[in-house]
Amino acid sequence: MRFPLLLTLQALWLSVCQATQHYPTTWGHYDLCKSHGYTDEGPTWYYMACQPEAADMTKYLKVYLDPPNITCGDPPETYCTLENPYMCNNECDAATEELAHPPELMFDFEGRNPTTFWQSSSWKKYPKPLAVNITLSWNKTIELTDDIVITFESGRPEQMVLEKSLDYGRSWQPYQFYATDCLDAFTMEPKTVKDITQHTLLDIICTEEYSRGYVWKNDKTVRFEIKDRFALFAGPKLHNMASLYGQLDTTKNLRDFFTITDLRIRLLRPATGATMVDENNLSRYFYAISDIKVHGRCKCNLHANSCIFDKERLTCECEHNTTGPDCGRCKRNYQARAWSAGSYLPIPKGTANICLPNSVGPVIGGRGKRLQRRPDLNPDLDNEKPSISPESPGIISGGKDVEAL
Ligand SMILES: [Ca+2]
């Protein structure tokens, strides 16, 4: 089944929300891949760098737990609260819907009362660590556009690591370490996102911001701060996105930093609420997550403005004569010059860097170059022509020519 319209509409709605809530108007650029116009020779397409709007990416992921049987309720178990070991009315039973806490409850719509959440079995095997990996897989490259926010319904973990993969889970790199005591847990000096500068943006830090304090009941979230990192280039209110886009364009490491195919939450030690673990009541210690937020967009190399969810998989709807899940190569018969990603520069329309038909002949350094089309030589251009005048000769053009419009 195909849901292209759904995704486009949802992306559109989110973009409206974002534009009104957080972002200046400049955020919405790069939403068109091409537009048509006219020259003396007839109708023509003008090509521009384009990208899909950001969307809630948790609708398109697969979640894996390790160990796989770590979810509570099989066999049924009763849990006590951290604050009061005698208050034990939290029952988990995988066979009863109202009492089950399966992983999908981390991604359902919150707003109902009471909250729905995934919950692990308790720390029965103490002092053996209660380690759980939660892997979120998209099977597609995603560019993060907003903070990752994980909401815990019991205490936040005393130790955890957020990791990312860029190669579909083959290799992993840490994004951020979280601990009540960074030195003790990871032999790292505690830092916060405020310690990060433009020059240290790629540094991986350990933070105590989201772990400690017995006031945990009022503060349930663990965050990976994407927007604070964006703000190092775009300014505190992200007014200067052009500056960020310029940096992303010229710095591959920076671009890759915000790009993922998978995320992994490694829960290493649950909240204990005290320095000593109460060995007589281990059913106080477990993990419970009610919500995970991941906002981003399909990475389409600036060659698509929409992304479809088809056969449980996200795929860019490639323009500019490109193809592949990320529009990462030129279509057959469009290989007159080497494939190249689109560029955010020059601001605000960027450069499309389209793939050119073989019949154009080899083109060297043809970025933004205007090429006269000869219909007898370039039949492949037909599917890119405006429908108004299908027989007229057209002109193919890179993004720089858009400035002339
Ligand atoms: Ca939930």
Side-chain angles (χ1 to χ4, degrees), residues 3 6-7 10 13-14 17-18 21 54-74 76-83 87 89-122 130 132-138 142 144-157 160 162-163 178 210-211 215-226 260 262-267 270-271 283-296 309 312 314:
F3 301 103
L6 187 70
L7 195 58
Q10 184 194 39
W13 170 244
L14 282 167
C17 293
Q18 285 173 352
Q21 284 172 11
D56 172 5
M57 282 294 152
T58 58
K59 291 180 168 56
Y60 314 110
L61 57 78
K62 282 204 168 70
V63 58
Y64 303 95
L65 297 188
D66 185 29
N69 60 351
I70 195 68
T71 300
C72 69
D74 185 19
E77 225 185 314
T78 301
Y79 295 83
C80 310
T81 64
L82 255 192
E83 310 98 313
M87 205 162 100
N89 53 7
N90 177 353
E91 210 183 327
C92 181
D93 180 356
T96 312
E97 199 186 331
E98 301 79 51
L99 299 175
H101 293 284
E104 53 266 31
L105 297 183
M106 295 186 278
F107 308 104
D108 59 341
F109 174 73
E110 279 301 340
R112 275 178 280 164
N113 203 8
T115 351
T116 58
F117 53 91
W118 164 80
Q119 187 171 314
S120 74
S121 342
S122 65
L130 179 62
V132 182
N133 286 350
I134 302 173
T135 304
L136 317 182
S137 293
W138 282 271
I142 303 292
L144 298 172
T145 55
D146 206 339
D147 296 0
I148 295 167
V149 186
I150 305 161
T151 307
F152 284 85
E153 280 308 309
S154 61
R156 294 180 292 187
M160 89 167 230
L162 179 67
E163 296 178 324
Y178 301 85
Y210 305 104
S211 310
V215 288
W216 56 263
K217 265 213 124 169
N218 302 319
D219 198 353
K220 300 170 158 186
T221 59
V222 171
R223 196 171 273 271
F224 181 61
E225 311 88 342
I226 297 288
I260 61 168
D262 303 70
L263 282 174
R264 184 159 73 182
I265 301 160
R266 291 181 56 203
L267 304 168
S283 47
R284 296 168 69 191
Y285 312 119
F286 55 89
Y287 305 107
I289 295 178
S290 60
D291 194 57
I292 300 179
K293 287 199 184 345
V294 183
H295 243 258
F309 192 55
E312 307 248 302
L314 287 165

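Whatever order the structure lists ligands and atoms in, that order sets their numbers, starting from 1.
Under 3.0 Å from the Ca ion (ligand 1), one finds the following protein N/O/S atoms: L105 O, D108 OD1, E110 OE2, T116 O, T116 OG1, S290 O.
Although no hydrogens or angles enter the test, the distance criterion places a donor-acceptor pair under 3.5 Å between the side chain of D147 and the main chain of I226. Between the R266 side chain and the N133 main chain, no donor and acceptor come within less than 3.5 Å of each other.
Residue E104 qualifies as enclosed at atom CD: its count of foreign heavy atoms under 6.0 Å is above 12.
Counting heavy atoms from C-beta outward, W138 and V294 have side chains that approach closer than 4.5 Å.
In terms of the salt bridge (Lys or Arg N to Asp or Glu O under 4.0 Å) criterion, residue partners of D291 (sequence neighbours excluded) are, by chain and number, K293.
Going from atom CD1 of I134 over to atom CD1 of I265 covers 5.0 Å, rounded to the nearest 0.5 Å.
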